[in-house]
Trainee: 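The structure's right below; bear with me while I get my questions together.
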Amino acid sequence: MSLYRDEAVVLRTQKLGEADRIITLLTRRTGRVRAVAKGVRRTRSKFGGRLEPFSHVDLQLYAGRSLDIVTQAETLRPYGERIVTDYGRYTAGTAVLETAERLTVEEREPALRLFLLVIGALRTLCTGEHAAPLVLDAFLLRALSVSGYEPALSGCARCAAPGPHRAFSVPAGGVVCADCRPAGTASPSPPAVALLDALLTGDWLAADASDPGDQREGSGLVAAYLQWHLERGLRSLRLVERV
Amino acid sequence: MYEGAVQDLIDELGRLPGVGPKSAQRIAFHLLAADPADVRRLVVALTEVKERVRFCRICGNVAEAEDCRICRDPRRDLAIVCVVEEPKDVVAIEKTREFRGRYHVLGGAISPIEGIGPDDLRVPELMVRLADGTVTELILATDPNLEGEATATYLARLVKPMGLRVTRLASGLPVGGDLEYADEVTLGRAFEGRRLIDV
Ligand SMILES: [Zn+2]
């Protein structure tokens, strides 16, 4: 299997040598892969603008020992073109890509559900049908869930006592009941927690109608929850434009 | 691993952009074998670049005085400022001899995934520069890639209330190529940036 074909989203690009780039990809079948695109920085490169972040591409790759080599690239959806015309969408989209990279800890470990979530988030950002920070938070909650870190948003994270509960403990894994509540646990506003539940379950009608103050509070909870589960913080999260 | 000084040199060279461990070793042994006068010239050049060269306080380009050669030139149009990412972009545009205004060098592009936001670039300095109304046109000449595009989008929105004429360099088909080989993104941009032909 020296040559293989896969579909992928470009997560990140880094300069390599004079004219090449290392492209970090989230592929449909092979998980996260890093591949060299030779000569891609030259204006006459056959790859042109196809291998920019956010691009959804159909690729042919040559499997190398540590890095693969991109031999052919066809655009399926150039999501970056639309996302980059709006700075808020761009910063939210970048956080989606960085999260996808960070949640795929091992290279070449298939991550189909995460791949589909990334595609869904980028497509939604392009249409602009929902506010970009909400699209990001919905993605983060679902991406954490498919990675095994689903937050408890109604029943108690510790004893599963049915909710609603007021306290939200990041280390405990979500809302906690009065009995399980660790000392010093914050009590966010109930609508902010309800918003997170709406985002996780895809209730966009409720999410779109939510109050901006609750959206900010919800984003803060999601960010804290995400940082807890990743070894180090996301670099792009600080730069995401909030309303 | 080599002893002391040789290994130190290899380590230092290996920290340069685009120089891998193999190349660092090759350069180190080349220097070891080279004529002492050649090496001394390199040392002088390295020292001088750090001692003499600084960044223009107006535009951020490399300069040997407080202000760079372009900002000091009275023939340059003060009303037009061309925003670029790096000093090497100034050199590239100067070679065309098309542009008679002045520059603003950002020092990079907005790249959230690398943790680089607007305040990590010379964006605040640009805003100060635009505040007195001398500049009436801003040309956004950041790189025609995603980060350059995002930086241009950000700047265009930021300066919008100032009522300047804001333009973006047309990006499109490379001259000398065949249309059929252009990718969709490049071809799409070329359509957007099409111009009227005067006959
Ligand atoms: Zn200057």
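Quantities reported herein were computed from a predicted structural model and do not represent experimental measurements. Just so it is clear, the values below take in all heavy atoms, side chains as well, and ignore hydrogens, waters and symmetry mates. A note on names: the letters A, B, ... follow the listed sequences, proteins ahead of strands, and every chain is numbered from 1.
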Trainee: Less than 4.5 Å to any heavy atom of chain B: does that hold for the side chain of E74(A), its backbone, both, or neither?
Mentor: side chain
Trainee: How many angstroms lie between atom CD of E114(B) and atom CG of L239(A), to the nearest 0.5 angstrom?
Mentor: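 Atom-to-atom, E114(B):CD and L239(A):CG are 11.5 Å apart.
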Trainee: Can you see which heavy atom on T153(B) is nearest to which on D86(A), and at what distance?
Mentor: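 Taking every non-hydrogen atom into account, CG2-N, 4.0 Å.
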Trainee: Looking only at non-hydrogen atoms, find the nearest pair between L11(A) and I113(B) and report the distance.
Mentor: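 Here L11(A) and I113(B) meet closest at O-CD1, 3.9 Å.
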Trainee: Quick check: closest heavy atoms across P112(B) and T91(A), and the distance to 0.1 Å?
Mentor: CG-CG2, 4.5 Å
Trainee: Among A156(B), S111(B), G117(B), A150(B), who wins on heavy-atom pairs under 4.5 Å with chain A?
Mentor: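 Greatest number of close heavy-atom pairs with chain A: A150(B).
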Trainee: What part of I110(B) gets closer than 4.5 Å to chain A, counting heavy atoms only: side chain, backbone, both or neither?
Mentor: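 Both parts, backbone and side chain.
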Trainee: Over all heavy atoms of both residues, which pair between P53(A) and L146(B) is shortest? Give the atoms and the distance, please.
Mentor: CB-CD2, 3.7 Å
Trainee: How many angstroms lie between atom CD of E81(A) and atom CD of E149(B), to the nearest 0.5 angstrom?
Mentor: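 These two atoms lie 7.0 Å from each other.
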Trainee: Could you measure the distance from the CZ atom of R157(B) to the OG1 atom of T85(A)? Nearest 0.5 Å is fine.
Mentor: 11.5 Å
Trainee: Can D120(B) and R235(A) be said to form a salt bridge (charged side-chain N to carboxylate O under 4.0 Å, His left out), step by step?
Mentor: CA-CA 13 Å; D120(B) 302 305; R235(A) 292 213 248 196; over 6 Å; no
Trainee: Looking at K38(A), I'd like to know if its NZ atom is crowded, meaning that more than 12 non-hydrogen atoms belonging to other residues, nucleotides or ligands lie closer than 6.0 Å.
Mentor: no
Trainee: So how far is it from Y90(A) OH to T151(B) OG1, rounded to the nearest 0.5 Å?
Mentor: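 It is 6.5 Å, given to the nearest 0.5 Å.
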Trainee: So, are D143(B) and K15(A) salt-bridged, with charged N and O less than 4.0 Å apart?
Mentor: no
Trainee: Under a 4.5 Å heavy-atom cut-off, does chain B meet the side chain of R238(A), its backbone, both or neither?
Mentor: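 Side chain only.
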